[in-house]
Amino acid sequence: MTNIRNVTVLGTGVLGSQIAFQTAYSGFNVTAYDIGEAALAQARGRFGALVETYSREVEGAPDGKAADAVSRILLTSDLAAAVVDADLVIEAVPEVTAIKQQTYQKLASLAPAKTIFATNSSTLLPSDLKAFTGRPDRFLALHFANNIWKFNTAEVMGTDETAAAVFDAVVAFAAAIGMVPIPIHREKAGYVLNSLLVPFLNAAAGLAAGGYAEPEDIDKVWRIATGAPMGPFQIYDIIGLTTPYNILSQGDESARALAAWLKENYIDKGKLGIASGEGFYHYKPAN
């Protein structure tokens, strides 16, 4: 049960590409799947940028280890080929319930019986998805934080049907790729991290959207008054605005109003965060 060697990551967005790269960097064979050549081309760019980032920021990476990681990543837009020999599939597709459910319906008939499925969903409960997996005993949540090479927590959360051996195997895998595993004993939307972070970010967005203060000043008061290294809008830019928008869009009336504010003032203008070069702040292109 603990013999996880071949890992498939579904979705090569900001966090999906980081999960794939960190897993390959740790010596595992990785297949990274996305829906078409345009998405895969973006993934290649992200992996190239991660080689540079790891070489600058991760001890031991400049000796060629970061560059070697790319050689262990196979990119494909063929879902059947992506999972044909997977021991573990980590799903990092957009935070939209219907998209995730449809993904698992396809996976259920394509992946071998041995394969463990793990969702990296930020806020959805694994119980919302387990009926679509075809293997609820081999399904759970494995949640990473952005900038995975620095903020290396991995929250592991099962359902009432997740086999104990599967849970333990995923905890062991998380440790093997350099994460600090955080076992979650009961299902909780948002796990630990986002149960704390999402209300904080929503409160900040509410202050800016309501015209109470500018994002820069909200960040400034938070940093000065608490000693925190970053304010909420700096965190938004690291995460990327698309994921918070998707989460807010599925919330109550107040949340949907914040989603509309994000969309009108930032997303529709191409201001998606660090990855696009601008979000709440401007960023210089990486050299």
Side-chain angles (χ1 to χ4, degrees), residues 9-22 32-57 66 70 73 75 77 92-96 99 120-123 144-151 193-194 197-198 200-202 204-209 214-220 222-223 229-250 255-287:
V9 178
L10 304 185
T12 59
V14 172
L15 191 50
S17 60
Q18 291 178 22
I19 296 167
F21 190 88
Q22 177 67 26
Y33 164 86
D34 220 312
I35 57 174
E37 184 52 43
L40 296 181
Q42 289 184 320
R44 292 184 187 96
R46 289 191 176 105
F47 292 143
L50 285 168
V51 170
E52 296 181 8
T53 298
Y54 274 56
S55 297
R56 288 194 309 269
E57 299 183 17
V70 177
I73 303 174
L75 283 158
S77 58
V93 304
E95 191 76 353
V96 177
I99 293 175
N120 182 57
S121 172
S122 299
T123 56
F144 298 87
N146 202 5
N147 285 1
I148 192 172
W149 62 95
K150 292 191 294 185
F151 307 132
L193 177 60
N194 283 329
L197 181 61
V198 170
F200 170 62
L201 295 180
N202 289 352
L207 289 170
E214 294 299 320
E216 294 87 345
D217 289 328
I218 295 168
D219 279 356
K220 187 183 300 181
W222 183 258
R223 291 195 306 267
M230 291 184 291
F233 292 101
Q234 292 171 289
I235 296 172
Y236 266 121
D237 279 355
I238 291 172
I239 295 169
L241 274 59
T242 302
T243 294
Y245 169 76
N246 286 335
I247 294 169
L248 288 164
S249 296
Q250 299 176 77
R256 292 194 300 273
L258 290 179
W261 174 77
L262 277 177
K263 184 175 186 297
E264 179 181 353
N265 292 282
Y266 296 93
I267 293 173
D268 285 351
K269 297 177 181 179
K271 300 177 181 180
L272 306 180
I274 289 175
S276 69
E278 184 177 3
F280 291 99
Y281 296 89
H282 292 272
Y283 301 91
K284 294 179 180 179
N287 294 324

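What's counted below: heavy atoms across the whole structure, side chains too, no hydrogens, waters or symmetry copies. This one's a predicted model, so the numbers in the text were calculated from it and none came from an experiment. Throughout, numbering of the chain's residues begins at 1 and tracks the sequence.
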Trp149 meets the side chain to side chain donor-acceptor pair (under 3.5 Å) criterion, sequence neighbours left out, with Glu57
Which atom names give the shortest non-hydrogen contact between [X] and [Y], and what distance separates them?
X	Y	answer
Val14	Ala275	CG2-CB, 4.2 Å
Asn246	Pro94	ND2-CB, 4.5 Å
Pro215	Tyr281	O-OH, 4.1 Å
Ala145	Leu193	CB-CD2, 4.0 Å
Tyr236	Asn202	OH-N, 3.8 Å
Phe144	Asn120	N-OD1, 2.9 Å

So, do [X] and [Y] sit near enough that their side-chain heavy atoms are less than 4.5 Å apart?
X	Y	result
Tyr33	Leu75	no
Ile238	Gln234	no
Thr243	Ser122	yes

Rounded distance (nearest 0.5 Å) linking atom [atom1] of [X] with atom [atom2] of [Y]:
X	Y	atom1	atom2	value
Leu262	Phe280	CG	CZ	5.5 Å
Leu201	Phe233	CG	CZ	8.5 Å
Glu214	Lys220	CD	NZ	11.0 Å
His282	Ile274	NE2	CD1	13.5 Å
Ile239	Asn194	CD1	CG	7.0 Å
Gln250	Tyr245	CD	OH	10.0 Å

Determine the interplanar angle of the Trp222 and Phe200 rings, folded into 0 to 90°, and report it as parallel if under 30°, tilted if 30 to 60°, perpendicular if over 60°. tilted
Do the side chain of Asp34 and the main chain of Thr12 share a donor and acceptor less than 3.5 angstrom apart?
-> yes
* Asked: Under the 3.5 angstrom rule, does the side chain of Ser276 hit a backbone N or O of Lys271 as a donor-acceptor pair?
  -> no
[X]-[Y] side chain donor-acceptor pair, cut-off 3.5 Å:
X	Y	answer
Arg46	Gln18	no
Glu95	Thr123	yes
Tyr266	Glu278	no

How about Ile99: does its CD1 atom have over 12 heavy atoms from other parts shown lying under 6.0 Å from it?
yes
